[in-house]
Structures are given as structure tokens and as C-alpha cells.
Amino acid sequence: MPELPEVETVKRSLERLITGSAITDVNVLFPKVVKSHTPGDFKASLAGCKIKSLARRGKYLLVHLSGDKTLVIHLRMTGRLVYLEEKDDLPRYAHVIFYLEGGKRLVFADMRKFGHINLIPTAQLKNMPELKKLGPEPLGKEFTVQYLQQELRKRRTKIKALLLDQTFVAGLGNIYADEALHLAKIHPERTAQGLTGSEAAGLHHAIIKVLEQGIKNRGTSFSDYVDGEGNIGTNQYQLKAYQREGEPCSNCGTIIERKKVAGRSSFFCPQCQSSKR
DNA sequence: CGATTCCCCTGATAGC
DNA sequence: TGCTATCAGGGGAATC
């Protein structure tokens, strides 16, 4: 599933391919994907716009266009945004096709149809509810040990639930939340308030570490994720907990367990990540 | 405030 | 072989 490292990789891979290109036409094959416009209005609003730059906020990919408009794209679980050469076939589950100059295309495809696209005036980005609610970027300077400690103290919820809460910190999903907790040796069901100061500091470090490693490995490709050129990442080979139920922990050899926490499958080492302090 | 459940959607998997 | 029931999961909404 595309989380921060995957969206960042999509962004980086597309950047050099589509920046500067003009959108010549748009074809919306599955209208529900575009939340902000009808297919006709979407096409009319985009025709002639030039792709100025790409950005990312949490798990959102932002495509800044000429005319002070921005495409806000969320891939959710199985969404893909891929660049196609003229000769390339359309991928399965293609829902929106952006035709670019020179016969190139940018395609939004999504098997599960959970992903979505909004086109909004760039000036209104900061007022957009979905973006406005997001917590700090975990790789940004706002996400400090102090911020983490102070937020943990406020919350009675389980730490796993908090890591998945995008208003707390933006960009972690099930994979990197489990990896960060494993690296920090914290059980997913520990309460946020119950963590010690040094555990919070360790978790802060772990979150940054697993995300940076994910980006370095160009994302985790488990089921559907590929970058903007359709290439899979390699971070799935580096995971220590996620999807490793029944396998020995890389630290201590204890068998990794799986349990539903905060409504999501959680993978953890019952030895390293003790539920007690 | 926090916990839980439903919903969206469809491929994979298990059970018959 | 082929059908059907169940599950996974990001995130928002509704409910308790």
C-alpha cells in the first residue's frame, strides 16, 4: 500500500518525466475517482494546463499546474500513477488518462477504486479539509522528539492507533507503523501515555529510520505498489515485522505474531516488543 | 475523548 | 471444477 515512502518514490520517479509537459486532453473512464468535478468539467479545466512541479504531503501527491490549479491525488491501497510512452498499453484498472504532449500519457489506475483525485485552486490547498487536518511531516523539522513526547502524553489510545492517525503524524501506514514499533521495541498495544521519555525518543528515531530506508529502497512492493515508471521497490525484503508472521524475529529469533490492533493487522515480536514495561 | 463498526471495492483464499 | 463466503485495508463517517 502506498505510504509515505511509496508516494515519495512515485513523486520522484514522475518528476523528471512529466514536469514541463502540457496536458492536451483527459479521459475519465471511472467518474467516481474524480471527487471535485464531473468528467466534462475536469477535462475542460485541465486542457492546456502545464505541469509545473510535483510535491507530496503525507500520503497525498500534489501536481501543481499552470493556471494556479493543483491536482491532489490519494492512492489509498491499490492506486497507481504511471507514466506511459506512446507504445505502452494501458494498465488494468485504468480510471483516468491524462494525455500529454508528444503522445505520452499519465494514467491513474486502481484495482480497488479507493483512490481519488481532486482538482482545486492552488490558493485553496491550505484550506482543503483533508490536507489541513494532517499532522506534521515525519521527515520534516516540525516532527521533533519534543512534539512526539508531548502528543503521546495527551493520548490514551494505543500507540499503533496513534501512529496510523494522520492528524498526529502524516504518512505512516500499517507497514511502516509496524516496522517503527519493532525497531523501537514497543508493543503495538502499549498506550501512548504509558511510553517513557526514552521510548518516545527511540520511537521518534525509529519512525524516521524506517521511512528513510523505505525511500532509499524505492518503496515496499507487496501487492500492487509500483513507482511512476511501473517498477517495483525492494523494501519488502528488508521488513523485520510486517507480513512476517510465523518467521523468527531478526533480533532474538522469537516467532513474529500477528494480532488485530486498532482494526488493523499488526505484526510484532512478542519478546522484543513486550506488552509490559 | 476513545473504541468500534460500517462502508467503499475486488482479488485471493478457504471451504464445500 | 466451480461456486460462495470471507477477508484485507486507508480513511471517513456514524454510533456508542
Side-chain angles (χ1 to χ4, degrees), chain A residues 1-10 28-36 56-62 72-81 91-96 108-118 127-135 137-138 150-181 187-195 207 210-211 214 219-226 232 235-236 239 241-246 256-268:
Chain A
M1 310 129 256
E3 303 178 21
L4 187 152
E6 289 73 36
V7 179
E8 181 65 25
T9 304
V10 170
V28 178
L29 305 170
F30 186 74
K32 272 182 81 171
V33 161
V34 181
K35 300 289 177 192
S36 58
R56 179 191 56 74
R57 177 74 176 97
K59 301 179 196 173
Y60 290 86
L61 184 70
L62 310 178
V72 180
I73 301 172
H74 200 299
L75 302 173
R76 291 288 185 102
M77 295 176 54
T78 55
R80 294 177 169 190
L81 196 63
R92 290 186 77 184
Y93 317 109
H95 302 321
V96 181
F108 175 86
D110 186 2
M111 180 180 81
R112 292 282 202 279
K113 298 179 173 172
F114 284 4
H116 58 257
I117 301 175
N118 278 287
N127 301 322
M128 193 182 184
E130 303 170 71
L131 296 181
K132 205 174 175 178
K133 283 189 295 189
L134 295 179
E137 284 292 322
Q150 134 202 335
E151 289 301 308
L152 292 180
R153 274 199 298 270
K154 288 188 209 163
R155 309 291 215 98
R156 300 172 177 284
T157 191
K158 291 169 183 155
I159 187 61
K160 172 71 183 275
L162 192 57
L163 293 182
L164 294 177
D165 181 352
Q166 303 299 299
T167 68
F168 158 69
V169 60
L172 288 173
N174 216 23
I175 299 173
Y176 295 96
D178 278 4
E179 291 301 303
L181 288 171
H187 192 283
E189 290 180 298
R190 294 277 301 281
T191 64
Q193 277 182 337
L195 300 189
I207 288 168
V210 299
L211 292 175
T220 302
S221 293
F222 255 118
S223 48
D224 298 274
Y225 164 72
V226 291
I232 63 168
N235 201 56
Q236 59 277 21
L239 301 180
Y242 186 77
Q243 284 291 335
R244 297 223 173 275
E245 180 186 18
I256 298 288
E257 290 181 9
R258 172 185 185 144
K259 184 177 183 185
K260 199 152 225 168
V261 178
R264 293 286 175 267
S265 292
S266 294
F267 300 86
F268 60 95

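To find a chain, count down the sequence lines: A is the first, B the second, and so on, and within it residues start at 1. As the structure is a prediction and not an experimental result, all values here were calculated from the model.
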Asks: Give a yes or no on whether a salt bridge exists between A:E189 and A:K160, defined as a side-chain N under 4.0 angstrom from a carboxylate O.
Replies: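 So A:E189 does not pair with A:K160 through a salt bridge.
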
Asks: How close do A:Y225 and A:T220 get, heavy atom to heavy atom, and via which atoms?
Replies: CD2-O, 3.5 Å

Asks: Rounded to the nearest angstrom, tell me the gap between atom CZ in A:R155 and atom P in B:dA3.
Replies: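 Roughly 10 Å, once rounded to whole Å.
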
Asks: Round to the nearest Å and state the distance from A:N174 atom CG to C:dG11 atom C1'.
Replies: 13 Å

Asks: With respect to the phosphate group of B:dC1, does any side-chain polar atom (N or O) of A:T157 fall under 4.0 Å of OP1 or OP2?
Replies: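 Answer is no, no contact under 4.0 Å.
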
Asks: Below 4.0 angstrom from OP1 or OP2 of B:dC8, is there any side-chain N or O of A:K32?
Replies: no

Asks: A:L172 and A:Q166: which non-hydrogen atoms are nearest, and at how many Å?
Replies: O-NE2, 2.8 Å

Asks: Could you give the CE-to-P distance, from A:M77 to C:dG11, as a whole number of Å?
Replies: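 To the nearest whole Å, that distance equals 10 Å.
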
Asks: Can you check the A:K260 NZ to C:dG9 P distance for me, whole Å?
Replies: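 One finds 7 Å between P of C:dG9 and NZ of A:K260, rounded.
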
Asks: In whole angstroms, how far is the C1' atom of C:dG11 from the CG atom of A:D110?
Replies: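 Nearest whole value for this atom pair: 14 Å.
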
Asks: Look at the side chain of A:R264 against the base of C:dG11 and say whether a donor-acceptor pair falls under 3.5 Å; ignore hydrogens and angles.
Replies: yes

Asks: Less than 4.0 angstrom from a charged side-chain N to a carboxylate O is my criterion; do A:R155 and A:D165 meet it?
Replies: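 Salt bridge flag = yes for A:D165 with A:R155.
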
Asks: Is the distance from OP1 or OP2 of C:dG10 to the nearest side-chain N or O of A:H74 less than 4.0 Å?
Replies: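 No, A:H74 has no side-chain N/O under 4.0 Å of OP1/OP2 on C:dG10.
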
Asks: Of A:E130 and A:Q243, whose nearest nucleotide on DNA chain C comes first from the 5' end?
Replies: A:Q243

Asks: Do the side-chain N or O atoms of A:Y93 get closer than 4.0 angstrom to the phosphate oxygens (OP1, OP2) of B:dC9?
Replies: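 A:Y93 to B:dC9 OP1/OP2: no side-chain N or O under 4.0 Å.
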
Asks: On the nucleotide C:dA8, are OP1 or OP2 found under 4.0 Å from the side-chain N or O atoms that A:Y242 carries?
Replies: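 False: A:Y242 side-chain N/O out of range (4.0 Å or more) of C:dA8 OP1/OP2.
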
Asks: Hey, is the side chain of A:K59 poking within less than 4.0 Å of OP1 or OP2 on C:dG11, counting only N and O atoms?
Replies: yes

Asks: Could you tell me the separation between the CD atom of A:Q166 and the C1' atom of C:dG9, rounded to a whole number of Å?
Replies: 13 Å

Asks: Do any side-chain nitrogens or oxygens of A:T78 fall under 4.0 Å of OP1 or OP2 in B:dC9?
Replies: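 For B:dC9, OP1/OP2 do not have a side-chain N/O of A:T78 under 4.0 Å.
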
Asks: Taking only the side-chain nitrogens and oxygens of A:R112, find out if one of them lies under 4.0 Å from OP1 or OP2 of C:dG9.
Replies: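 Result: no.
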
Asks: Classify the ring geometry between A:H95 and A:F30 as parallel (under 30°), tilted (30 to 60°) or perpendicular (over 60°).
Replies: tilted

Asks: Taking atom P of C:dG10 as reference, at what distance in whole Å does atom CG of A:D165 sit?
Replies: 13 Å

Asks: Between C:dG12 atom P and A:N118 atom CG, what is the distance in whole Å?
Replies: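 After rounding, the gap between these two atoms is 12 Å.
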
Asks: Can you tell me if A:F114 is stacked onto the base of B:dC9, using a 5.5 Å centroid cut-off and an angle below 30°?
Replies: no

